[in-house]
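Below is the structure I would like to discuss, written out as structure tokens.
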Amino acid sequence: MMTRSFAVLATAFFVLALGCGGRTPSGSQDMGGASGAGGGGALDDASTACTAGTVSFHFSAVDGKNASYCVGLGCSEDWMTIRTQQGAAMPLSLGCSTTCDDCRSIGCPLICPAPKQMKEDGERLTWDGTYWPDAMCGTNLTCRNKRCAAPGKYVVRMCGGASSSDAGPFCIVNGTPKCFEVEFEYPSATLVEGAI
């Protein structure tokens, strides 16, 4: 039994290391560049909060067994992504990127974050419209500066998957992850619910 558990852990580590690799200064691997959002967000200083309002999201399992699911897929701890109606990605964090104001090459750790167990009551996030689109600075260096989304309609994608019973202390998806996608209004007092 102990040998089997060790084999599963070793295999999981190998798969994660193989499938993920390192991150580059270009930021997240599963988000493309965003040249604008909705009606084109206003450029804002990274130290200033966006003030248009907020919208809240909740992601859970249809069967109610939230803790039996993994979130944070694709070498990222993020369980949701946002894009414009036209398909432009809106990264929710600076990630492993330099700011365009700083514009310097930075090293990123060769670590692929493993998926994490979904919280007992599901995953929750309140978004204030902050996003970090890819841009270029200096000599073809990818960078990001914070922007504030303009009020309007956007699309959220929430992904997760059932945890393998053989995963041991890790949360490893059994089979193919499932995703929920829906259009939402920003800002809004209505909770955006996603379930898999």
Side-chain angles (χ1 to χ4, degrees), residues 23-61 66 71-104 106 108 113 115-116 118-138 141-160 177-196:
R23 296 181 67 180
T24 63
S26 63
S28 178
Q29 296 174 348
D30 41 5
M31 293 182 181
S35 57
L43 187 62
D44 195 3
D45 182 83
S47 62
T48 305
C50 296
T51 58
T54 62
V55 59
S56 295
F57 303 90
H58 179 236
F59 183 48
S60 60
N66 297 326
V71 294
L73 309 171
C75 285
S76 167
E77 294 182 350
D78 295 332
W79 50 271
M80 61 171 269
T81 58
I82 293 175
R83 70 173 190 270
T84 66
Q85 289 182 304
Q86 294 74 34
M90 301 177 71
L92 300 181
S93 68
L94 176 61
C96 189
S97 300
T98 183
T99 63
C100 299
D101 295 336
D102 199 16
C103 195
R104 62 185 172 87
I106 58 174
C108 298
K116 61 182 180 180
M118 185 184 282
K119 295 182 180 74
E120 289 284 352
D121 65 341
E123 299 293 328
R124 296 179 184 275
L125 184 142
T126 297
W127 185 51
D128 68 354
T130 299
Y131 72 107
W132 299 80
D134 286 338
M136 301 296 288
C137 67
L141 184 65
T142 303
C143 62
R144 289 181 178 178
N145 265 359
K146 175 184 159 184
R147 292 177 70 91
C148 292
K153 291 185 177 179
Y154 297 89
V155 178
V156 63
R157 181 178 174 89
M158 309 178 197
C159 295
K178 295 180 181 177
C179 295
F180 172 87
E181 197 168 279
V182 67
E183 185 178 273
F184 69 94
E185 190 87 26
Y186 165 77
S188 175
T190 304
L191 181 66
V192 181
E193 292 270 11
I196 53 169

Give me the atom names and distance for the closest heavy-atom approach of Ala149 to Tyr131.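 It is N-CE2, 3.7 Å.
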
With side chains defined as the heavy atoms from C-beta onward, is the minimum distance between Arg144 and Thr99 less than 4.5 Å? no

Throw together a table of side-chain donor-acceptor distances under 3.5 angstrom for residues 187-196, partners on residues two or more places apart or in other chains.
unit_1 : atom_1 : unit_2 : atom_2 : d
Ser188 : OG     : Thr190 : N      : 3.0
Glu193 : OE1    : His58  : ND1    : 2.8

Tell me, do Leu92 and Met80 make a side-chain contact under 4.5 Å, heavy atoms counted?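 Side chain of Leu92 against side chain of Met80, heavy atoms only: contact under 4.5 Å found.
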
In terms of the angle between their ring planes, are Phe59 and Trp79 parallel, tilted or perpendicular, with boundaries placed at 30° and 60°? parallel

What distance separates Asn66 CG from Lys119 NZ, expressed to the nearest 0.5 Å? 11.0 Å

Between the OG1 atom in Thr81 and the CE atom in Met90, the distance rounded to the nearest 0.5 Å is 11.0 Å

Is the backbone of Asp102 close enough, under 3.5 Å, to the side chain of Thr98 for a donor and an acceptor to pair up by distance? no

Listed partners of Phe180 passing ring pair (Phe, Tyr, Trp, His ring centres under 6.0 Å), at least two apart: none

Tell me whether Glu183 at atom CD has more than 12 heavy atoms from other residues, nucleotides or ligands lying less than 6.0 Å away.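 Check passes, neighbour count above 12.
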
Considering only heavy atoms from C-beta outward, does the side chain of Glu185 approach that of Val55 to under 4.5 Å? no

Report the C-alpha separation of Thr130 and Asp128 in whole Å, then their side-chain angles, then the decisive distance to 0.1 Å, and conclude whether the side-chain hydrogen bond (donor to acceptor under 3.5 Å, both in side chains) test is met. CA-CA 6 Å; Thr130 299; Asp128 68 354; 2.7 Å; yes

Please name the pair of heavy atoms, one in Arg157 and one in Cys179, separated by the smallest distance, quoted to 0.1 Å.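 Shortest heavy-atom contact: NH2-SG, 3.4 Å.
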
Between Tyr154 and Trp127, how do the two ring planes meet: parallel, tilted or perpendicular, split at 30° and 60°? perpendicular

State, with a plain yes or no, whether a side-chain heavy atom of Ser97 is found less than 4.5 Å away from one of Thr142.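 SC-SC contact between Ser97 and Thr142 ruled out.
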
Sequence neighbours left out, what pairs pass salt bridge (charged side-chain N to carboxylate O under 4.0 Å, His left out) with at least one residue falling in residues 82-99?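 Pairs touching residues 82-99 that pass the test: Arg83-Glu181.
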
Under 2.5 Å between the SG atoms of Cys137 and Cys143?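 No; the two sulfurs sit 2.5 Å or more apart.
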
